[in-house]
Protein chains: 2
Amino acid sequence: MRELDETDLEILRLLVSDGRRPYNEIADAVNLSPPTVSDRIDRLADLGVIRRFTVDLDRSLLADGVSVLVDLRAEPGRVGDVRAAIEEIEGVEHVFVTAEGRIVFQARLQENAIEPLLDETIDTTAVREYDVSLLVDSTWYPQPRGVEFALECDECGNSVTSEGESARLGGEIYHFCCSSCKSQFEEQYEELQEAV
Amino acid sequence: MRELDETDLEILRLLVSDGRRPYNEIADAVNLSPPTVSDRIDRLADLGVIRRFTVDLDRSLLADGVSVLVDLRAEPGRVGDVRAAIEEIEGVEHVFVTAEGRIVFQARLQENAIEPLLDETIDTTAVREYDVSLLVDSTWYPQPRGVEFALECDECGNSVTSEGESARLGGEIYHFCCSSCKSQFEEQYEELQEAV
DNA sequence: CCTGAAAAATTACGTGA
DNA sequence: TCACGTAATTTTTCAGG
């Protein structure tokens with residue numbers, strides 16, 4: 001494995017602006033061959049930097065309920081629970097969790113059913129207060145602009161360099177600075193699984 | 001032109017979950033031939049329902065500053081100005097505008113430069129109050145779930161049916177219920193352009 | 001990471017419902 | 001207008017170095 005370089009970021013930018021851009025076009029832009037571009041994209045996907053290829057839809061053209069922004073403050077220690085409950089709600093598109101335990105999410109819901117739905121889905125004892133606002137517009141600007149790449153070893157916390165390794169355990173991708181951290185992590189993971 | 005049907009929505013769902021899914025696979029799923037799927041996707045793009053093919057990135061892996069959620073309340077009548085200023089800020093990823101003129105946006109910024117940047121970029125007389133929160137997590141759930149299709153004529157406001165027409169003016173796509181609305185709109189658009 | 005060949009996917013186009 | 005089949009073209013993947 002290697003750290004990401006400027007070429008990877010350029011590939012990401014090109015894919016963000018057009019996720020179906022042919023590899024030979026990308027290859028020309030970054031002075032690589034198409035197979036190499038393919039390899040890099042695979043690696044970016046393995047690393048988890050690319051979560052998925054997708055389409056950006058104009059949902060206002062799909063009469064899909066109204067778009068609302070919900071702002072709520074979870075009780076200390078209950079943020080995870082509330083967040084999980086929110087994820088279960090059909091129509092939720094974006095969820096933001098702040099460092100202070102505030103959760104803001106955007107969803108497309110049936111207008112008359114918003115409050116009952118929230119009351120029903122979310123444990124009210126875990127939420128201090130909440131506020132629902134009707135949205136008139138929402139836009140997404142997906143251009144990545146940063147340059148650096150920062151990965152921390154999931155075992156020891158050191159930064160992951162070119163000697164690092166990755167592993168996929170239970171659907172999640174983990175990164176390690178070295179093979180011993182990786183094997184130690186995998187061992188602990190297995191023990192944990194057996195205990196469950 | 002035709003209204004969207006359930007097949008189109010199924011195609012959209014498949015593309016959302018994988019934007020590079022081969023058309024023959026989609027074709028199998030919806031019982032059409034690959035060329036027909038291609039035609040439908042082109043039409044969805046022309047209509048503006050598909051804004052773009054793109055990739056969903058895990059930005060936390062790109063050391064790209066910290067992610068913040070900014071919540072601000074614009075002075076009445078200044079929402080458009082403030083919103084336009086926000087769009088100019090590098091690192092802004094999501095912008096939400098509520099019916100009451102509140103603007104919430106998520107951005108990835110350099111930690112020490114947030115307040116000065118905002119003060120500098122946004123006309124402070126147009127903003128009543130604002131609040132910046134550090135984000136620990138943000139997730140996007142792009143599944144479209146609605147069924148209906150709702151388009152309003154950009155000239156008269158009536159709903160657009162199968163007899164409708166579209167036009168692309170200055171990079172924007174407009175929809176019309178009939179050809180007379182379309183030509184009237186185009187006429188006005190040209191006059192406006194000449195005046196500028 | 002490259003080249004060159006094979007495989008696969010996409011698009012173009014003519015035809016029919 | 002919408003969909004399809006076939007063929008041509010483009011894109012992606014695979015081997016080997």
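This structure is a prediction, so every number in the text was calculated from the model and none was measured. In what follows, every chain begins at residue 1, and chains take the letters A, B, ... in the order their sequences are listed.
Between B:Arg102 and A:Asp131, at least one side-chain nitrogen of the basic residue sits less than 4.0 Å from a carboxylate oxygen of the acidic one, meeting the salt-bridge criterion. Taking the charged nitrogens against the carboxylate oxygens, B:Arg40 and B:Asp8 do have a contact shorter than 4.0 Å, which makes a salt bridge. Between A:Arg43 and A:Asp46 no salt bridge is recorded (no basic side-chain N to carboxylate O distance below 4.0 Å). Salt-bridge check for A:Arg83 with A:Glu88: failed, with every basic side-chain N at 4.0 Å or more from each acidic carboxylate O.
One interatomic measurement links the two molecules: CG of B:Asp5 to P of D:dT1, which rounds to 16 Å at whole-angstrom precision. The CG-C1' distance, from B:Asp42 to C:dA9, rounds to 15 Å in whole Å. Residue B:Asp46 contributes atom CG, which lies 12 Å from atom P of D:dC2 at whole-angstrom precision. If you measure from atom CD1 of B:Ile41 to atom C1' of C:dA9, you get 12 Å, rounded to the nearest angstrom. Look at CD on B:Glu25: it is 14 Å from P on C:dA8, rounded to the nearest Å. One atom, CG of B:Leu32, and another, C1' of D:dT1, lie 15 Å apart when rounded to the nearest Å. Atom CG in B:Asn31 sits roughly 19 Å away from atom P in D:dC2 (whole-Å rounding). One can place CZ of B:Phe53 at 12 Å from C1' of C:dT10, the figure rounded to the nearest angstrom.
For D:dC2, neither phosphate oxygen OP1 nor OP2 lies less than 4.0 angstrom from any side-chain nitrogen or oxygen of B:Arg43. Side-chain N/O atoms of B:Ser38 include one lying less than 4.0 angstrom from OP1 or OP2 on C:dT11. Regarding contacts with the backbone of D:dA3, a side-chain N or O of B:Arg40 is found under 4.0 angstrom from either OP1 or OP2.
Judged by closest nucleotide on DNA chain C, A:Ser33 is the one of A:Ser33 and A:Arg20 placed further toward the 5' end.
Among the nucleotides D:dT11, D:dA3, C:dC1, the one closest to the side chain of A:Pro22 is D:dT11. In the set C:dC1, D:dA3, D:dT13, D:dT13 carries the atom at the smallest distance from any side-chain atom of A:Tyr23.
One distance of note links CD1 of A:Ile26 with CG of A:Leu12; it measures 9.5 Å at 0.5 Å rounding.
Counting any heavy atom pair closer than 4.0 Å across all strands shown, B:Pro35 reaches a base atom.
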